[in-house]
Amino acid sequence: MTSSGTGTTVVKLGGSVVTDKDRDETLDADSLETAADAVATALGSGDVEDLVIVHGGGSFGHVHASEHGVSTTDGTHDVGAVHAIHGAMKTLDEFVLQRLLERDVPAVPVHPFSVASRDAEGRLDLPTAPVETMLAEGFVPVLHGDVVSHRGEGVTIVSGDELIVELATALEAERVGLCSTVPGVLDDTGDVIERIEDYADVEAVLGTSESTDVTGGMAAKVQALLALESRASIFGLESLPAFFRGEGAGTTIES
Ligand SMILES: Nc1ncnc2c1ncn2[C@@H]1O[C@H](COP(=O)(O)OP(=O)(O)OP(=O)(O)O)[C@@H](O)[C@H]1O
Ligand SMILES: C=C(C)CCOP(=O)(O)O
């Protein structure tokens, strides 16, 4: 399913990395530039060939989702809310794409709202043929947390964390990473936990996000990544280059 020697890499740039989560609709310009530099370097050096990027909502998506009372399970039929949340995410996505394109990364947008849906049980269906074709044609697909049509609920939120799991599975990704503002999953003394194999071992130290966040913070990330068949990691921005080089970064999650 891949077209390169290094396999497919799926990485999420957390909303807490690319935005200032404490100020409404504000980018973290420096961090976004640093992340875009790392992507350009990884592609330029050949450390990464097939790359799919997902970014989170940060102070763009979460603020609007929270204002309208929408989460991954509680939906809305209010078309104004749909446009407010999706519109904010498209605005953020434009900023992310722009920074990548400036560095000659062939980044192209994929808006999950247009292609994905949830059934009445909340199960996500994300058709990945467009992403696979984009990769085969040399593009870097960029997806993002978004609203998603949900049977019986109107729309709910789809998190970037759910998207990386779907993509990693469908694309049989070799490297799966989640880049956040923390250097990894931290234990109760603030040290990075090197390896997580069982949710029960770490449940007590996993919290939600400190800022407005409708998709569950660190606990939801660990749960989502444990559901993957392949190994994944959670790390900070300073380790993004190492992750792209295939080196250990932050916390490794493998069930
Ligand atoms: N044990 C833990 N270790 C590390 N971070 C934790 C832990 N428990 C809770 N957190 C919180 O989780 C946050 C990371 O989750 P958050 O959802 O903000 O990340 P993100 O994916 O970068 O953002 P977004 O959801 O907007 O995309 C950290 O900033 C921290 O506040
Ligand atoms: C709140 C919205 C619209 C997206 C949430 O995506 P996440 O930040 O990856 O959890």
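Just so you know, ligand 1 is whichever comes first in the structure, and atom 1 is the first atom listed for that ligand.
- Of the protein's heavy atoms, Asp213 OD2, 2.9 Å lies nearest to atom 17 (O) of ligand 1.
- Protein heavy atom at the shortest distance from atom 10 (O) of ligand 2 is Thr215 OG1, 2.5 Å.
- The neighbour count for Phe113 CZ, taken as heavy atoms of other residues, nucleotides or ligands under 6.0 Å away, is above 12.
- Closest to atom 29 (O) of ligand 1 among all protein heavy atoms lies Thr181 OG1, 3.5 Å.
- Look at His64 and you'll find every heavy atom at least 4.0 Å from all atoms of ligand 2.
- Salt-bridge check for Asp125 with Arg118: failed, with every basic side-chain N at 4.0 Å or more from each acidic carboxylate O.
- Residues Asp78 and Thr76 have side chains that never bring a donor and an acceptor to within less than 3.5 angstrom of each other.
- Using a 30° and 60° split on the angle between ring planes, His144 and His86 fall in the tilted class, from 30° to 60°.
- Polar contact check, Leu186 against ligand 1: a nitrogen or oxygen pair lies under 3.5 Å apart.
- Nearest protein neighbour of atom 3 (C) of ligand 2, counting heavy atoms only, is Ile85 CG2, 3.6 Å.
- Under 4.0 Å from ligand 2, the heavy atoms of Lys12 that appear belong solely to its side chain.
- At most 12 non-hydrogen atoms from other residues, nucleotides or ligands lie less than 6.0 angstrom from CD of Glu229.
- Within the 4.5 Å cutoff, side-chain heavy atoms of Met218 are placed close to those of Ile234.
- Each of the following atoms of ligand 2 lies closer than 4.0 Å to a heavy atom of Gly57: 6 (O), 7 (P), 8 (O).
- Within the 4.5 Å cutoff, no side-chain heavy atoms of Thr156 are placed close to those of Ser71.
- Scanning the protein for heavy atoms near atom 13 (C) of ligand 1, the closest one is Ser209 CA, 4.3 Å.
- At a threshold of 4.0 Å, the pair Glu153-Arg151 does not count as salt-bridged, since none of the basic side-chain nitrogens sits closer than that to a carboxylate oxygen.
- The nearest pair of heavy atoms linking Ala224 to Asp161 is CB-O, 4.4 Å.
- Scanning the protein heavy atoms around atom 8 (N) of ligand 1, the nearest turns out to be Gly207 N, 2.9 Å.
- In this structure, atom 11 (C) of ligand 1 lies nearest to the protein heavy atom Thr208 O, 3.4 Å.
- Between Ser16 and ligand 1, an N or O atom pair is found at a separation short of 3.5 Å.
- Around CZ of Arg231, the count of heavy atoms belonging to other residues, nucleotides or ligands within 6.0 Å does not exceed 12.
- Of the protein's heavy atoms, Ser180 OG, 3.6 Å lies nearest to atom 14 (C) of ligand 1.
- Nearest to atom 2 (C) of ligand 2 by heavy atom, out of Asp161, Ile157, Leu13, is Ile157.
- No side-chain heavy atom of Val140 sits under 4.5 Å from any side-chain heavy atom of Val52.
- In the candidate list Lys12, Lys21, Glu203, Met218, Lys21 is nearest to atom 16 (P) of ligand 1, counting heavy atoms.
- Of all protein heavy atoms, the one lying nearest to atom 27 (O) of ligand 1 is Gly15 N, 2.7 Å.
- Close N/O approach between Gly56 and ligand 1 is not found [any backbone or side-chain N/O within under 3.5 Å].
- The neighbour count for Glu254 CD, taken as heavy atoms of other residues, nucleotides or ligands under 6.0 Å away, is above 12.
- The shortest contact between atom 15 (O) of ligand 1 and any protein heavy atom is with Lys221 CE, 3.4 Å.
- Contact atoms of ligand 2 toward Gly56: 7 (P), 8 (O), 9 (O) (distance under 4.0 Å to a heavy atom of the residue).
- Compare Val54, Leu237, Thr19, Val205 by their heavy atoms: the one nearest to atom 2 (C) of ligand 1 is in Val205.
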